[in-house]
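For reference, the structure discussed in these notes is given below.
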Amino acid sequence: MGCGPGHAQGDGNRRLSSPDEDQHKPATRIVEAGRRPEWTGSVVNPPVWRGSTHLYADSADLARGRPNADGHFYYGRRGSPTQWALADALTELEPGAAGTVLYPSGVAAISGVLLSVLESGDTVLMTDNAYEPSRVMAKSLLAPLGIETRFFDPLDSEGFAALFTERTRAVLFESPGSLSMEVADIPALAATARMKGAVSILDNTWATALGFPALSRGCDISLMSLTKHVGGHSDLMMGSASAGEALYTRLRLKSQALGLVVSPDDAALALRGLRTLGVRLERETSSALTLARWLSSRPEVAHVLCPMLPDAPSHQLWQRDFIGGCGLFSFVLKGSDPAGRARFIDALELFGIGYSWGGYESLVIPFDPARARSATSWPPAGWNTQDRLGIRLSIGLEDPQDLMRDLSRGLEALGSA
Ligand SMILES: *Cc1c(COP(=O)(O)O)cnc(C)c1O
């Protein structure tokens with residue numbers, strides 16, 4: 001892919017696919033993406049291209065200088081073919097994107113994007129179910145710069161429209177919310193934002209472009225923590241943001257001004273992870289559905305928060321807008337006995353206890369979002385207020401029957417105080 005005459009050097013992170021290439025299905029694109037012969041040479045994967053300095057041939061060469069554009073090696077901070085191959089692959093997987101900027105973590109992608117589209121005096125609307133470090137940025141990063149953050153209920157479209165003022169420049173969405181799993185009507189909310197002149201940013205870490213092609217659903221910037229599904233092996237930190245031409249240029253310039261760069265070693269690992277992303281997501285989705293269904297049938301469980309389940313409140317929207325799922329979902333135990341929840345977690349043998357998700361191995365973590373909400377309540381309206389203890393599962397590639405037996409052990413431990 002990307003080796004036709006139109007693919008001269010100098011195009012760096014930009015999408016240059018021909019109409020033919022657009023007809024390939026995602027599973028094929030994921031194999032081909034980013035593998036330009038000028039970057040791979042005669043091997044399959046782009047080599048880890050380490051380097052900071054370009055050496056000039058002589059003084060005249062130095063005086064002529066080098067193009068400081070994507071796809072020309074200028075200085076290590078501007079990336080090398082290894083990072084370009086990853087960025088290019090992510091661009092090709094996101095329909096509508098003109099380019100992708102890589103960041104040293106998912107959090108750096110969020111802050112880098114917000115700083116690219118907001119200025120002092122602006123207001124940003126942030127979904128109330130946002131990943132906690134995103135919420136923290138409102139106070140720690142944006143407020144000192146004179147940028148105001150207003151939180152909104154992602155399920156209240158009317159209330160959302162009413163929050164806009166002439167100073168609202170951007171909206172940060174996360175759907176499903178990565179703990180409580182609400183699915184927002186992104187096409188409708190993003191259309192409102194566009195009408196009001198604000199940039200729609202989606203934290204698309206849960207679905208990736210394979211499950212939710214964000215730009216074709218009305219968002220302007222799709223960002224991901226590559227640490228999760230794309231890396232897929234719990235051994236790297238990285239983030240990305242993909243956008244159309246004008247916003248991509250803004251993201252790139254801001255990222256260069258901030259001096260952000262990812263290591264070529266990590267980029268090569270992320271590319272390796274990316275090649276199996278599709279099959280991992282399919283397997284995790286099917287195991288997660290099996291386990292979510294089974295948990296729904298258990299008397300100890302009050303709610304299973306998984307939009308992929310047919311009777312979930314958010315299932316209709318999920319069914320309408322998403323092409324694929326993943327292995328991350330949550331559930332809420334009946335009652336409010338934190339010691340019981342701890343016994344549940346400690347009884348598990350196959351689930352590691354840890355933050356993060358999207359790796360090949362299953363993980364579990366307790367969560368209590370009550371204090372991290374300001375525009376919505378936890379537990380949500382209509383629930384028994386006793387039922388508030390959340391548990392999030394990241395389902396990996398283990399056999400789902402083994403995972404089910406492990407979760408059974410946990411549920412048995414609940415009652416054994
Ligand atoms: C983990 C996560 C991030 C941050 O990613 P890091 O790579 O850990 O910095 C952002 N958004 C969501 C939804 C996440 O789960």
Exercise: do [X] and [Y] side chains pair donor with acceptor under 3.5 Å:
X      : Y      : value
Thr100 : Glu94  : no
Ser180 : Arg373 : yes
Ser287 : Glu284 : no

- request: May I have the step-by-step check of salt bridge (Lys or Arg N to Asp or Glu O under 4.0 Å) for Glu300 and Arg343, ending in yes or no?
  value: CA-CA 13 Å; Glu300 303 90 339; Arg343 282 195 303 278; over 6 Å; no

Under 3.5 Å: donor-acceptor pair, side chain of [X], backbone of [Y]:
X      : Y      : answer
Asp387 : Ala302 : no
Lys334 : Pro299 : yes
Ser225 : Thr205 : no
Thr168 : Thr123 : no
Ser216 : Pro213 : yes

- request: List the steps and the verdict of side-chain hydrogen bond (donor to acceptor under 3.5 Å, both in side chains) for Glu361 and Ser234.
  value: CA-CA 8 Å; Glu361 82 296 0; Ser234 306; 2.9 Å; yes

Do other residues, nucleotides or ligands put more than 12 heavy atoms under 6.0 Å from the [atom1] atom of [X]?
X      : atom1 : result
Arg78  : CZ    : yes
Phe367 : CZ    : yes
Gln316 : CD    : no

task: Would you mind reporting whether Leu86 and Leu102 have side-chain heavy atoms less than 4.5 Å apart?
output: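 Yes. Closest side-chain heavy atoms under 4.5 Å.
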
- request: Please tell me if the side chains of Met237 and Pro104 come closer than 4.5 Å, counting only heavy atoms from C-beta onward.
  value: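 Of all side-chain heavy-atom pairs linking Pro104 with Met237, none is under 4.5 Å.
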
query: What heavy-atom pair brings Gly278 and Ile30 nearest, and what distance separates the two atoms?
result: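 Gly278 and Ile30 have their closest heavy atoms at N-CD1, 3.9 Å.
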
query: What heavy-atom pair brings Cys326 and Leu281 nearest, and what distance separates the two atoms?
result: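 So the two residues come closest at CB-CD2, 3.8 Å.
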
Could you label the plane-to-plane angle of the [X] and [Y] rings as parallel, tilted or perpendicular, counting under 30° as parallel and over 60° as perpendicular?
X      : Y      : result
Trp206 : Trp318 : perpendicular
Trp383 : Trp378 : perpendicular
His229 : Trp357 : perpendicular
Phe344 : Phe331 : perpendicular
Phe160 : Phe164 : perpendicular

- request: Inspect the contact between Arg135 and Asp128 and indicate whether a charged nitrogen and a carboxylate oxygen are less than 4.0 angstrom apart.
  value: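 So Asp128 pairs with Arg135 through a salt bridge.
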
query: Is Arg341 paired with Asp368 through a side-chain N to carboxylate O contact shorter than 4.0 Å?
result: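 Result for this pair is yes, salt bridge flagged.
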
